[in-house]
Every structure is written in structure tokens, then in C-alpha cells.
Amino acid sequence: MTYKHIKTLDTSQDFILPCRKDQLGAIKEFLPVDQPDFDGSFSTYLLLYGKDGNRIYLVGLGEEKHSVQLENTFHKLAFETQKNWDKSIQVYAEDLSDDEIKKAVIGLEIAQYSIGEFKSKKEKQNKTTVSFSSPKTIKKIVDEGKYTGETINKIKALVDAPPNIKTPEFLGKWAVKSAKNNDYKCTVLKQKQLEKQGFDAVLSVGKGSVNKPVVIITEYKPKTTDRVDITLVGKGITFDSGGLSIKPSTNLHYMKSDMGGAAVVLGVVELVAKLKLKINIVGIVCSAENAVDAESYRPGDVINSYSGKTIEIIDTDAEGRLVLADGLSYAVKKIKPEYLIDLATLTGSVVRTLGYHAAGMFTDNEAMAGTMSDIGYKVHERVWQLPMFEDYESDLHSDIADIRNFSGNPLAGATNAAKFLEAFTEDHKNWMHLDIAGVSFGASPYAKMKSASGYGIQLITEFIKSKASK
Ligand code: BES
Ligand code: ZN
Ligand code: ZN
């Protein structure tokens with residue numbers, strides 16, 4: 001899509017007319033009829049025809065509380081009606097705030113996502129120009145919305161991609177290309193380097209697959225200082241069979257999405273570079289395939305890790321915490337960032353706790369929790385804090401190694417995973433873990449099977465923005 005700014009609406013052409021709940025009066029000058037069957041309810045729309053035969057899409061913004069989800073309205077409208085849009089369409093944006101304009105653009109942009117990338121017949125791309133009518137300049141906000149929407153589409157494509165194609169090496173290549181196109185640095189550590197540097201936990205998880213593990217390190221550092229403000233660490237399991245602690249086969253195909261955390265990290269670094277934010281960030285992706293093979297690591301094994309701590313493996317399906325342990329240790333030892341955030345589709349437990357509407361948030365830093373929580377509400381990618389009490393530590397006791405990767409009990413699974421990760425953060429004071437297993441992939445009105453949601457891009461980008469220099 002292309003976006004333009006216009007001063008006033010040409011009412012003889014097609015346009016989208018946003019309307020707040022029960023506020024038809026405010027836009028009556030544009031209505032071709034006195035009383036359309038429409039009350040502005042959230043995410044509803046009505047097509048009317050103007051006297052020039054032009055289309056007028058009345059779009060419901062709903063109540064004040066719905067404004068955080070405005071992109072859904074535009075997503076739905078575009079998804080259902082854009083086939084009838086001509087080369088151009090206008091949006092009456094004079095009563096929309098900057099935030100609302102941005103969300104409208106994101107909604108229009110994510111409606112362009114094509115999930116059928118692997119079909120032999122490609123869908124054709126929409127080439128509409130969308131003109132926003134507004135008295136103020138809106139270029140910056142529109143660009144921001146467009147870049148954000150494009151990034152969301154790119155990471156959805158990664159998460160929805162089949163696991164035979166998006167191997168760890170494929171993720172590495174994706175990052176190298178993005179770094180080149182957007183002017184940041186990327187290093188992909190492969191088998192030899194991982195062995196040399198001691199990423200033993202990543203290597204153990206990846207042992208059973210012919211698709212060898214990688215650790216991807218991306219760096220965007222526009223500031224004059226080398227100090228890193230924020231480091232993101234993402235779980236990049238390109239397929240989680242469970243390993244020898246194999247998962248049941250029902251819905252196993254969805255375990256291609258076990259790299260949702262990695263996708264957020266890759267996407268956010270690209271977006272922050274595109275937006276040219278003044279902040280130094282490093283993105284770390286720990287990627288492996290958890291496969292079943294004669295060479296797979298086993299329950300009962302004791303493995304080493306980047307930190308030097310030994311880990312007793314109780315369940316090979318608790319693999320995400322292992323690869324993240326190495327990523328977090330690397331971050332605290334080598335990068336030493338001010339803020340450290342990891343994202344992972346880590347546990348089924350968080351899905352049972354919070355369902356599909358919020359990510360589990362784990363941190364001892366209440367200020368950081370508050371900021372993340374506020375941002376989550378505003379971008380409608382919500383988080384909910386879960387406990388990190390010391391009492392849970394005993395679950396991770398191993399008699400024969402420094403720590404074990406699972407208690408063996410199906411209790412407090414999301415917290416236990418978070419406590420395991422904590423053991424590899426050297427008590428970093430600004431560390432946060434986000435368990436996105438319930439929110440990163442799921443049902444959507446735009447696909448028949450479960451698919452990627454794009455969750456996390458706006459949440460983390462806005463958090464980074466809140467810490468960037470003006
Ligand atoms: N990738 C899964 C978690 C998951 C479950 C993600 C559902 C998305 C949807 C993770 O590696 C896993 O298998 N976790 C186990 C841990 C257990 C063996 C300690 C779980 O949550 O059951
Ligand atoms: Zn697993
Ligand atoms: Zn997993």
C-alpha cells in the first residue's frame with residue numbers, strides 16, 4: 001500500500017468515514033442519508049453510496065476503551081472490502097488522533113498479509129493509494145505505522161513458514177539480509193563457533209537434528225557510546241517435537257511456531273533500525289530444532305552450558321529454557337546491557353493460566369513491570385505479571401548437577417521455567433522474561449487454521465522507544 005496526505009476530502013470519490021459510537025451527528029455533513037442503519041459500534045462497518053456513485057464506508061470506532069484496538073477495525077474493513085477499492089481511497093482522519101492514524105495504517109497494512117505464500121498460485125498484491133485527510137502533517141506517524149505493519153507481516157510470515165524451510169540456518173540468513181538492507185550488524189554463530197565459545201546447551205538441544213543450531217547476534221548501535229541499552233533474547237526452536245520426551249502427534253504441526261520469540265527479536269531490531277531510534281540494542285536469537293534421533297540428547301543426561309553451570313535433563317521437551325539459558329548468560333557476560341528482556345513460547349502452562357489474551361510477565365523489577373504493563377495495554381498486546389517467589393527454587397534442585405530443567409511435577413510450570421532462566425541472569429537487576437506461548441500463535445478470523453499473530457512487535461518497540469533518547 002502507498003499512503004498520502006491530503007488537506008481535505010474529495011467527497012465525490014470513495015472514502016472511509018470513521019464514526020465513534022452514537023456520534024453520527026459529528027459526521028452528518030458527509031452522510032448521503034439522514035439515518036443510516038449504523039451506530040458506530042466497534043469494528044462494524046456499513047457501505048453507503050454517495051450521489052456521485054462513490055463508495056462511503058462508515059466505520060465504527062466504538063467507545064473510548066476500544067481505541068487501543070483500532071487497527072482491528074481497519075484490518076477487517078480492508079480484508080473484506082479492498083477487492084472493490086479502486087486505485088485510490090481516502091480516509092477522513094480529521095477527528096483521529098496521531099495514535100489512531102498510526103493504528104489505522106497498521107490495520108490496513110496487516111490486511112495485506114498473504115498467508116498462502118506456499119501455494120503454487122500467488123494472490124495478487126493490492127496497489128491502492130490511501131489518502132488521509134487531515135489539517136496537520138501526519139507523514140511521520142503514517143510512515144511509522146507502515147513500517148510497523150510491514151514488520152508484523154514479515155514476522156508472521158516467518159512464524160507461519162513450514163519447519164522444513166525455516167531451519168535455524170534460514171533464520172540466520174533472514175537476519176543477515178535484514179541487517180544488510182537496514183544498516184545494522186549481524187553475526188551468525190554456527191556449530192564450530194558455538195563449540196568454541198561454549199554454547200553447550202544450544203548444542204545439546206540441536207544434537208538430534210540435521211539442521212544444525214545457530215546463535216544469531218544482531219547489533220544496532222547508532223549512539224556515539226558503545227554501551228548497550230537493551231538486549232533482547234529470543235527462543236528460536238524451529239520445530240519442537242519434544243525430542244525423546246516426544247509430544248503427542250495431535251497438533252504437533254503447530255510446533256513450527258516455537259520460534260515466535262526469535263521472530264519478535266528479529267522483527268524489532270529491524271523495525272528499530274528502520275525508525276532510526278536513538279538507542280543501542282542487541283538482539284540474540286538462540287535457534288535449534290528439537291528432533292528425535294539416535295544423536296538426540298536424553299532425559300537423564302547432564303549437559304554443560306555457556307554459564308559453566310551443569311544441567312540435569314529431566315525432560316527434553318523443556319528445551320526452550322536451555323537455549324535461552326545460553327543466550328541470557330552470553331548477554332550478561334559479554335553484552336552487559338542496561339535492560340535485558342527475553343521472549344519465548346516457553347510453556348503450555350502459561351496458556352492454561354492466561355489463555356490467548358495476555359503474555360506471562362516475570363520480573364523482580366516492579367518499575368519495569370509497570371512500564372511494560374502500561375505499554376501492553378496501549379498497543380493491545382497485553383502482559384500479566386506472574387510470581388517469582390524464592391519458594392519455587394527448590395523445584396529446580398538436582399542431586400547430581402547444578403540445576404535440573406524440570407521438577408517432574410505439572411505445577412506452576414510457567415513460573416518454574418522463569419525461575420530456571422533467572423539462574424542464568426546473574427541477578428541482572430533489569431531482566432524480564434515474557435512467556436508468549438499463548439499469544440504468539442492462535443485462532444484468527446482471517447485463517448481457518450491457527451496462525452501467527454504478530455504479538456510482541458509493538459510491545460517491545462514501544463518499550464524501546466520509551467528508553468530511547470529524543
Ligand atoms: N514449546 C513448548 C511450549 C508451548 C506449548 C508453546 C504450547 C506453545 C504452545 C515447550 O518447549 C514445552 O514443550 N514445554 C513443556 C515443558 C514441560 C515439559 C516442563 C510444557 O509446557 O508442557
Ligand atoms: Zn518443548
Ligand atoms: Zn518449545
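In each ligand, atom 1 is the first atom listed, and ligand 1 is the first ligand listed.
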Residues [X] and [Y]: side-chain donor-acceptor under 3.5 angstrom:
| X | Y | result |
| --- | --- | --- |
| Ser407 | Asn409 | no |
| Asp402 | Thr310 | yes |
| Asp160 | Tyr113 | yes |
| Asp315 | Ser245 | yes |
| His397 | Asp395 | no |
| Gln197 | Tyr330 | no |
| Ser178 | Tyr184 | yes |

Taking a 3.5 Å cut-off between nitrogen or oxygen atoms, can you list every pair linking ligand 1 to the protein, with distances?
| residue | atom | partner | partner atom | Å |
| --- | --- | --- | --- | --- |
| ligand 1 | 1 (N) | Lys235 | NZ | 3.3 |
| ligand 1 | 1 (N) | Asp240 | OD2 | 3.1 |
| ligand 1 | 1 (N) | Asp258 | OD1 | 2.9 |
| ligand 1 | 1 (N) | Asp258 | OD2 | 2.9 |
| ligand 1 | 11 (O) | Lys235 | NZ | 3.2 |
| ligand 1 | 11 (O) | Asp240 | OD2 | 2.9 |
| ligand 1 | 11 (O) | Asp317 | O | 3.0 |
| ligand 1 | 11 (O) | Glu319 | OE1 | 2.9 |
| ligand 1 | 11 (O) | Glu319 | OE2 | 3.0 |
| ligand 1 | 13 (O) | Lys247 | NZ | 2.8 |
| ligand 1 | 13 (O) | Asp317 | O | 3.1 |
| ligand 1 | 13 (O) | Asp317 | OD1 | 2.8 |
| ligand 1 | 13 (O) | Asp317 | OD2 | 3.0 |
| ligand 1 | 21 (O) | Gly348 | N | 2.7 |

Near the Zn ion (ligand 3), which protein N/O/S atoms fall under 2.8 Å?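 Lys235 NZ, Asp240 OD2, Asp258 OD2, Glu319 OE2, with waters left out.
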_Candidate list Lys235, His433, Arg321, test side chain to side chain donor-acceptor pair (under 3.5 Å), partner Asp342, passing option_ =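 That would be His433; it is the only one of Lys235, His433, Arg321 passing the side chain to side chain donor-acceptor pair (under 3.5 Å) with Asp342.
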Is the closest basic N to carboxylate O distance between Glu462 and Lys465 below 4.0 Å?
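Yes, this pair counts.
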